[in-house]
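All remarks here apply to the structure that follows.
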Amino acid sequence: MDNRFSISIAVSFHSPVHIGTGEGVVGIIDRRTLSHQENNRRMPIILGHTVKGIVRDRFRHVSRMLGVPSSVEEQMFGTEARQGTVFFSPWRMEPELRNQIRPFSSFLFETKTGNQLVRARRVAKHDHLFTYEVVKESLCWLGEVSGHIGQEEPFVCGVPRSLVVLLWALKSVSRVGGRRRSGSGACTVIIRRLTVQGRTYDEKQVTDLLAASIEQMAGGK
């Protein structure tokens, strides 16, 4: 049995997104967002290990809701002693849009102002204004998830259970990056394609699969 799988996703951001780097530009901006150089132009990116951490958190949440053992998470995402079986690509803007906008890539980034808080009192600190950079909203990003699943996996609606939980984890991602309390990073994840065991599911088929899986898993079948 071919136990490999791949998932193609699209991510639409509804508010600006900030992926912190811990770096700034003296006298210009205090906190830059993550980016990389592409044909000598600065372009936004969200690295695979960042995506993995976000999805792992959602996977753990969905697993608890559906009564899936924590050992499934450890197998797929790994532990300190062992590498996992799932791999996440970086999220980048879709290629056609990247090619069109690359000469004007500086317009993708915007500078905003924030204020540090006294956490215990939830009030602003005096003279603690700072600037941070975001990538503008209304952009479509693409990513891939791939890997393999265990040979002894139980099945849900004809698909390995751990993969169904992974699909739900991806779908449940609604915020990415920092500055979430200010509304940054709101997003919707769309699963465009799933390929597993030689079969390919399109976007509608994945939606139907997930709807049917809830009924089956909730029923304990």
Side-chain angles (χ1 to χ4, degrees), residues 6-59 77 86-119 122-146 169-193 203:
S6 64
I7 304 169
S8 298
I9 66 171
V11 186
S12 296
F13 280 94
H14 314 303
S15 63
V17 59
H18 171 81
I19 304 295
T21 63
E23 300 176 350
V25 180
V26 177
I28 299 176
I29 191 167
D30 298 310
R31 303 176 184 179
R32 295 190 86 179
T33 194
L34 188 65
S35 63
H36 72 125
Q37 290 295 316
E38 190 173 298
N39 294 338
N40 296 318
R41 296 287 183 175
R42 186 170 175 242
M43 299 293 288
I45 190 172
I46 301 176
L47 297 179
H49 67 80
T50 299
V51 177
K52 180 179 180 180
I54 295 166
V55 177
R56 182 169 193 163
D57 180 70
R58 300 310 305 159
F59 189 96
F77 290 86
V86 181
F87 304 93
F88 296 83
S89 78
W91 288 359
R92 293 184 175 92
M93 291 164 50
E94 54 185 348
E96 184 176 350
L97 179 58
R98 287 210 312 270
N99 291 335
Q100 292 174 352
I101 207 167
R102 190 178 293 117
F104 317 102
S105 61
S106 61
F107 293 101
L108 295 172
F109 302 93
E110 183 180 0
T111 301
K112 292 183 175 291
T113 302
N115 201 326
Q116 292 185 12
L117 297 178
V118 179
R119 293 187 179 276
R122 305 301 304 162
V123 296
K125 291 183 179 180
H126 183 62
D127 289 337
H128 278 73
L129 283 173
F130 63 90
T131 54
Y132 64 97
E133 187 178 50
V134 296
V135 179
K136 294 179 179 178
E137 69 270 36
S138 303
L139 298 173
C140 182
W141 302 57
L142 302 180
E144 297 282 335
V145 185
S146 61
L170 287 164
K171 288 286 290 182
S172 69
V173 173
S174 60
R175 288 205 177 268
V176 172
R179 311 299 302 168
R180 298 187 188 186
R181 288 179 178 150
S182 64
S184 296
C187 65
T188 299
V189 175
I190 300 169
I191 299 173
R192 287 184 163 179
R193 186 177 64 254
E203 183 179 328

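All values reported here derive from a predicted model rather than from experimental measurement.
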Report summary line: Nearest heavy-atom contact between Ser89 and Val51 is O-CG2, 4.3 Å
Query - Closest non-hydrogen atom pair, Ile101 against Leu108 - result: CD1-CD2, 3.3 Å
Report task. Mind checking the CG-SG spacing from Leu139 to Cys187? Nearest 0.5 Å is all I need. Result -> 12.5 Å
Requested in this report: Compare every heavy atom of Ala169 with every heavy atom of Arg58, then report the nearest pair and how far apart it is.
Outcome: CB-O, 3.6 Å
Query - Which residues share a side-chain hydrogen bond (donor to acceptor under 3.5 Å, both in side chains) with Arg192, sequence neighbours left out - result: none
Report task. Can you measure from CD1 (Ile45) to CH2 (Trp91) and round to the nearest 0.5 angstrom? Result -> 12.5 Å
Query raised in the report: How would you list, by chain and number, every residue that makes a side-chain hydrogen bond (donor to acceptor under 3.5 Å, both in side chains) with Arg193, sequence neighbours excluded?
Result: Ser8
Query raised in the report: Tell me, which pairs form a salt bridge (charged side-chain N to carboxylate O under 4.0 Å, His left out) where one or both residues lie in residues 88-102, sequence neighbours left out?
Result: Glu38-Arg98, Glu38-Arg102
Report task. Would you kindly say whether Ser105 and Arg41 are connected by a side-chain donor-acceptor distance under 3.5 Å? Result -> no
Query raised in the report: Does Glu133 offer a backbone N or O that forms a donor-acceptor pair with the side chain of His18 under 3.5 Å?
Result: yes
Query raised in the report: In Å, rounded to the nearest 0.5 Å, how long is the span from CD1 of Ile19 to OG1 of Thr50?
Result: 6.0 Å
Query - Heavy-atom donor-acceptor pair, Thr33 side chain to Val135 backbone, under 3.5 Å - result: no
Query raised in the report: So, does Ser15 use its side chain to make a donor-acceptor pair with the main chain of Gly185 at under 3.5 Å?
Result: yes
